[in-house]
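Contents: one structure, followed by commentary.
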Amino acid sequence: MKKLMTMTRQFRDDENGAAMVEYTILLGIITVAVIATIILVGTWVSTRWTTLNTALQAAPAP
């Protein structure tokens, strides 16, 4: 039990643990931003592709 209490105190006093949590949160925020950007760009490209395809199909053949 004493060993567990010692480990708990060391973890509490260790600032590397706090920095690791901060970096993990930052990494999560960056990951969400990248995924959102990919989804938005994908939607934009899909819309443009559909518009181009419709325009080409509606154009008279030469």
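The figures that follow rest on heavy atoms only: side chains count, while hydrogens, waters and symmetry mates do not. Throughout, numbering of the chain's residues begins at 1 and tracks the sequence. All figures in this text were calculated on a predicted structure; none of them were measured in a lab.
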Sequence-distant partners of Ile30, side chain to side chain contact (heavy atoms under 4.5 Å, CB included), two or more places apart: Leu26, Val34

Taking side chain to side chain contact (heavy atoms under 4.5 Å, CB included) as the definition, give me every residue that meets it alongside Leu27, ordered by chain and number, with sequence neighbours left out. Thr31

Check: residues 42-50 side-chain donor-acceptor pairs under 3.5 Å, at least two apart:
residue : atom : partner : partner atom : Å
Thr43   : OG1  : Ile39   : O            : 2.9
Thr47   : OG1  : Thr43   : O            : 2.9
Thr50   : OG1  : Ser46   : O            : 2.9

